[in-house]
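Input: a single structure, listed below in structure tokens.
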Amino acid sequence: MKYYSTRHIAPNASLQEAVIKGLAPDRGLYMPEKINKLSPDFFDKIGNLSLTDIAKIVSEKFFGEDIDKEKLDAIAIEALNFDIPLKKVEEGIYVLELFHGPTFAFKDVGARFMSRMLSYFVKEQHHDSVKVLVATSGDTGSAVANGFLGVEGIQVFVLYPSGKVSEIQEAQFTTLGQNIVALEIAGTFDDCQALVKSAFVDEELNKKMYLTSANSINIARFLPQSIYYFYAYAQLAKQQLEDNVVVAVPSGNLGNLAAGLFAKRMGLPVKRFIAANNRNDVFYEYLNSGNYHPRASIQTIANAMDVGNPSNFERILDLYNQSHKAIQHDISGKTYSDEEIKNTIRTVYEKTGYLLDPHGACAYQALKDEKKPDESGIFLATAHPAKFKETVEECIGQNVEVPERLSAFMQRKKQAVQLSNDYNAFKKTLFNLT
Ligand SMILES: *Cc1c(COP(=O)(O)O)cnc(C)c1O
């Protein structure tokens, strides 16, 4: 399979090139040149398939031409070796819980899939080692660090702004050791990102080591997210509730939503999607007006969705041939303030006993507001509520228990290299630590 860039200037890439490069050289995003459909037979029996069965079948549709079956199956099984249950919240509304992985957020799926695939290509090519650089404001760093932990042939450097990530987030990437190095930067998230960008264009550095990124635009992180949409549908089909399905997705960089749109293109009978935004509502605005005005992000309590210029927007445009009308046909949008999000968390907890995190709360409310009576609605819960303990406790006026696996990170010893935001010091550290 070849991958083309959404900007159509860079040459087409093989899967391996697209995974190692991440972003195309023309700064576009890679797209597969064709999207394979699943057979009607697959949908007939989907209610009897396990997550692992579905992961293997869907992965083969994406990557089967480029990775042999046995290896690909192993990657898929390892990446999705945790529960993704669908639970009923109230009549007609179901939640797909994507937060039972190592860092309790949905990014674990993509990060784990990508790490295994990258490791496979490193071994195939007999490369010495690949260094992954990732700048994080919190959640991406923890998913990538845990996804790559102990994976052969890869060393990960997580750059994060000192004092600007939550304690629990920091613990999730500074206590791991092994092939994970945390770099605590005296500066902002933008400083971290600037350091990573400078490293990628530094010729001297790139001659000495193989550098790559692990951000959410990488196809090996992005495409596998389609898998759980099929599994959500399967769990409804098992109960014969699969008619008229609509799915609400808490959206930031739009990777999760775009993966759902891929699943639909592959034949998944989802009627339509609802993109739930917090106050960072550029996509909502685009859906309603056809005008796209990226802007600086604003801080909200659903902070993993604080994105002012969503990177996967280009993928959605490309998938629909730039047609606003076609996009509007498949996706509607909603946007919520912090106050509204808090209200939702409180009300749903009081009425149903189900505890939402701020991201899932946006999607729940969007579904509630948009779903018609004859539709079955699924919303995606992208993070465990305990990751946002203070906010959630304030909403419900009760203590929120932190799962042992999450609090265990806090008990471990922090190991981080302290650096200024000076590029030369960062570069020297990369040389010294590899
Ligand atoms: C990253 C993230 C999102 C947003 O997902 P996108 O794919 O960037 O749209 C939503 N919720 C949580 C908890 C996240 O970590």
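Both ligands and their constituent atoms are indexed starting at 1 by order of listing. Starting from 1, each residue takes its place in the sequence as its number. We use all heavy atoms of the structure for the numbers below, so side chains are in, but hydrogens, waters and symmetry mates are not.
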Please tabulate protein-ligand N/O pairs under 3.5 Å for ligand 1, atom names and distances to 0.1 Å.
unit_1	atom_1	unit_2	atom_2	d
ligand 1	7 (O)	G255	N	3.1
ligand 1	7 (O)	N256	N	2.9
ligand 1	8 (O)	N253	N	2.8
ligand 1	9 (O)	G252	N	2.8
ligand 1	9 (O)	N253	N	3.2
ligand 1	9 (O)	L254	N	2.8
ligand 1	11 (N)	T382	OG1	2.8
ligand 1	15 (O)	K107	NZ	2.5
ligand 1	15 (O)	D139	OD2	3.3

Does K334 come within less than 4.0 Å of E340, counting only side-chain N to carboxylate O?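 Between E340 and K334 there is no salt bridge, as every charged N stays at least 4.0 Å from the carboxylate O atoms.
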
Salt-bridge present (K21, E17; N to O < 4.0 Å):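 Between E17 and K21 there is no salt bridge, as every charged N stays at least 4.0 Å from the carboxylate O atoms.
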
Heavy-atom pair of closest approach, residues V109 and A79: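 Minimum heavy-atom separation between V109 and A79: O-CB, 4.4 Å.
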
To the nearest 0.5 angstrom, please state how far the CG atom of L380 sits from the CZ atom of F273.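 These two atoms lie 9.0 Å from each other.
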
Output, in order, the C-alpha distance, side-chain angles, deciding distance and verdict of side-chain hydrogen bond (donor to acceptor under 3.5 Å, both in side chains) for Y292 and N309. CA-CA 9 Å; Y292 183 67; N309 186 10; 2.9 Å; yes

Between R295 and D281, does a salt bridge (Lys or Arg N to Asp or Glu O under 4.0 Å) hold up when you go through it step by step? CA-CA 10 Å; R295 47 183 170 259; D281 56 359; 2.9 Å; yes

